[in-house]
Amino acid sequence: MSEPVLLPNGRVLRYTFPERLMHWVAGVSYVYLLLTGLAFWSPWLFWIAVVLGGATISRELHPWVGVVFVLSMVWMYRVWAAQMHATERDKQWWHELGHYVRNEDEELPPEGRFNAGQKALFWGFFWCGILLLLSGLVLWEPHWIPWSWRALRLIAVIVHPIAALLTIALFMIHVYMGTAVERGAFGSIVRGDVSRRWAARYHRAWYEQIARDPAAKE
Amino acid sequence: MSQANLEIRRISGHAGPVPGAGLKRELEVAKLVDTTTCIGCKACEVACLEWNGLSFSDTTFQNSYQTMPDTSWNFWNLIKFNEYEPANGSLMLLMRKDQCMHCEEPGCLIACPADGAIVQYANGIVDFQQDQCIGCGYCLSGCPFNIPKFSPDSRKVFKCTLCSDRVSQGLEPACIKACPTGCLHFGTKDEMKELGESRAKQLRDVSGFAHAGVYDPSGVGGTHVLYVLHDATNPEAYGGLPRDPRVPWTVWLWKKPLKWLGNLAMVGGVAGLFIHYLRFGPKTVEEDKEIPRQGEQP
């Protein structure tokens with residue numbers, strides 16, 4: 001769904017139910033992976049695994065939840081990848097990132113349904129997800145990797161945390177923007193709709209499709 | 001109260017100080033394996049199984065005397081048999097007792113994320129505590145000697161303990177006690193090093209092994225199992241004994257610089273976002289305002 005849909009109450013449907021569901025499958029599984037992963041990352045955070053039912057259980061579940069996360073990423077790829085291609089407008093958006101950072105959104109080029117930052121988030125998670133999947137498969141049952149192939153394990157132990165750290169950077173910015181800064185964004189991924197003014201302010205080009213076709217329906 | 005934890009020098013995955021750091025007087029111990037007087041009788045293999053109460057497992061025939069290809073989670077002590085043709089055209093059957101080397105810089109312990117699953121005692125023994133082990137298998141990647149072995153049934157990792165239970169009671173390890181030729185010795189690291197060096201000198205001066213020497217690899221800070229080798233310049237011939245074992249560099253990179261960079265970046269990131277919020281606050285939409293005209297009208 002990329003067409004904006006005007007709801008009977010005058011609001012705009014931003015995320016359909018399947019989109020919201022897939023976002024939260026990814027979100028909940030990612031948070032579990034993040035917390036258990038941090039527990040294994042640093043002794044100072046090992047208590048997280050204890051809170052989550054014990055480190056042995058965390059170690060057993062982490063890869064399976066990783067599978068859920070990867071499946072949600074595949075789902076997202078099928079639904080969103082076509083809308084995530086960079087445009088000329090995105091290049092300009094990056095060029096004027098300072099306006100976005102300083103909340104001067106009216107100075108930014110009109111963005112479509114997803115702005116350049118959201119696209120970067122999508123592709124960052126996509127590529128890091130592939131790295132995490134490949135290295136994670138090696139780390140899942142490391143005793144299956146014969147000694148003569150141990151280079152695989154040694155690559156995996158360094159690729160997995162690097163890719164995870166990159167996703168953590170993306171995740172922190174994403175959660176911060178989506179909850180604290182861009183008021184209304186969190187509601188849109190929970191209930192699905194935004195106000196017309198919200199759409200016009202942050203995703204002008206997308207909103208203008210409504211302007212052209214006010215009768216657009218789901 | 002047991003004072004065993006006061007003899008611990010290093011703990012895996014541990015935040016904060018180590019309980020016994022520098023507290024107790026303790027000698028560093030070592031096992032000396034003289035491969036030149038080993039006859040391959042495997043008494044040490046049996047003694048290891050007996051003392052540790054390990055279940056018996058099937059042997060694997062590979063056209064050699066070797067019991068199985070590698071040590072396993074319930075077989076911690078294996079004599080590796082290797083046919084070797086030296087430059088003089090003769091044939092040697094090299095026999096090396098393979099087990100945990102109890103490294104001074106243990107890659108397994110460094111890689112382990114579980115608090116207390118691997119400890120290093122003040123006497124140098126590196127011991128796995130299976131009740132704390134979470135079965136992640138990172139120790140398998142950290143070890144340069146292929147020693148920790150994963151048990152699929154218990155999903156824990158096992159290896160030679162250097163009979164830490166016996167040593168703590170003033171006894172020598174079971175394998176030492178069983179050796180009939182005296183090729184196995186146990187004592188302080190200094191004593192064993194001295195004994196090994198004197199044997200190596202004898203091999204060089206009297207027995208014609210010009211390259212005889214003691215294997216105590218410095219890349220892992222030295223080990224608490226030492227070998228006397230006929231040819232210390234070719235440890236690989238003894239069933240893949242690494243020439244220069246080290247904690248793998250990717251493990252080092254992960255546990256040292258990446259960990260600190262990552263922690264700094266995460267804390268800095270949270271702080272940066274907080275400061276951003278203080279400075280710029282939220283983006284808000286003024287709902288009561290007209291949508292500015294730009295493009296077509298709705």
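Being a predicted model, the structure only gives us computed values, none of them experimental. Letters go in sequence order (proteins before strands), and every chain restarts at 1. As a basis for the values below, the full set of heavy atoms in this structure was taken, side chains included, without hydrogen atoms, waters or symmetry mates.
Looking only at heavy-atom pairs under 4.5 Å with chain B, the residue among A:D105, A:V157, A:I57 that has the most is A:V157. For the set A:M172, A:R150, A:E182, A:H62, the entry with the most heavy-atom pairs within less than 4.5 Å of chain B is A:M172. By number of non-hydrogen pairs under 4.5 angstrom with chain A, the leading residue of B:A265, B:G269, B:G281 is B:G281. Top candidate by heavy-atom pairs under 4.5 Å with chain B, chosen from A:L38, A:I158, A:T56, A:N103, is A:N103.
A distance-only check finds no donor-acceptor pair linking the side chain of B:S141 to the backbone of A:R153 [under 3.5 Å].
Between A:Y176 and B:H276, the ring centre distance stays below 6.0 Å.
Using a 4.5 Å cut-off on side-chain heavy atoms (C-beta onward), A:R183 and B:V285 make no contact. You'll find the side chain of B:T250 stays beyond 4.5 Å of the side chain of A:I155, heavy atoms only.
The two residues A:W41 and B:N263 make their nearest non-hydrogen contact at NE1-OD1, 2.8 Å. The minimum heavy-atom distance between A:Y100 and B:K283, with the atom names listed, is O-NZ, 2.6 Å. Scanning all heavy atoms of the two residues, the minimum distance from A:P142 to B:C136 falls at CG-O, 3.6 Å. Taking both residues in full, the closest heavy atoms of B:A15 and A:W44 are given as CB-CD2, 3.4 Å, listed atom of the first, atom of the second, then distance. Taking all atoms of both residues into account, the shortest heavy-atom contact from A:R59 to B:I134 is CD-O, 3.4 Å. Taking every heavy atom of both residues into account, B:L140 and A:W147 meet most closely at O-CZ3, 4.2 Å.
A salt bridge does not link A:R201 with B:E286: every distance from a Lys NZ or Arg NE/NH1/NH2 to an Asp or Glu carboxylate oxygen is 4.0 Å or more.
Listed by sequence position, A:P161, A:I162, A:L165 are the residues of residues 160-167 of chain A in contact with chain B, using a 4.5 angstrom heavy-atom cutoff. Listed in order of number, the residues of residues 86-98 of chain A that approach chain B to under 4.5 Å between heavy atoms amount to none. Scanning residues 97-104 of chain B against chain A with a 4.5 Å heavy-atom cutoff picks out nothing at all. Annotation: residues 65-78 of chain B contacts chain A through no residue [non-hydrogen atoms, separation under 4.5 Å].
A distance of 10.5 Å separates CH2 in B:W254 from CG in A:L154, rounded to the nearest 0.5 Å.
Both the backbone and the side chain of A:L139 come within contact range of chain B, judged by heavy atoms closer than 4.5 Å. Interface remark: B:C112 contributes no atoms to any contact with chain A (heavy atom separation under 4.5 Å). Neither the backbone nor the side chain of B:K149 comes within contact range of chain A, judged by heavy atoms closer than 4.5 Å. Proximity to chain A (any heavy atom under 4.5 Å) is shown, for B:V270, by both the backbone and the side chain. Only the side chain of B:R155 comes within contact range of chain A, with heavy atoms under 4.5 Å apart. Contacts of A:V159 with chain B are absent, with no heavy-atom separation under 4.5 Å from either backbone or side chain. Within the 4.5 angstrom heavy-atom criterion, only backbone atoms of B:C143 (N, CA, C, O) approach chain A. Interface remark: A:E141 contributes side-chain atoms only to the contact with chain B (heavy atom separation under 4.5 Å). For a residue to count as touching a neighbouring chain, one of its non-hydrogen atoms must lie under 4.5 Å from one of that chain's; by this rule A:F40 touches chain B with backbone and side chain alike.
Open room surrounds CZ on B:F274; 12 or fewer heavy atoms of other groups in view lie less than 6.0 Å from it.
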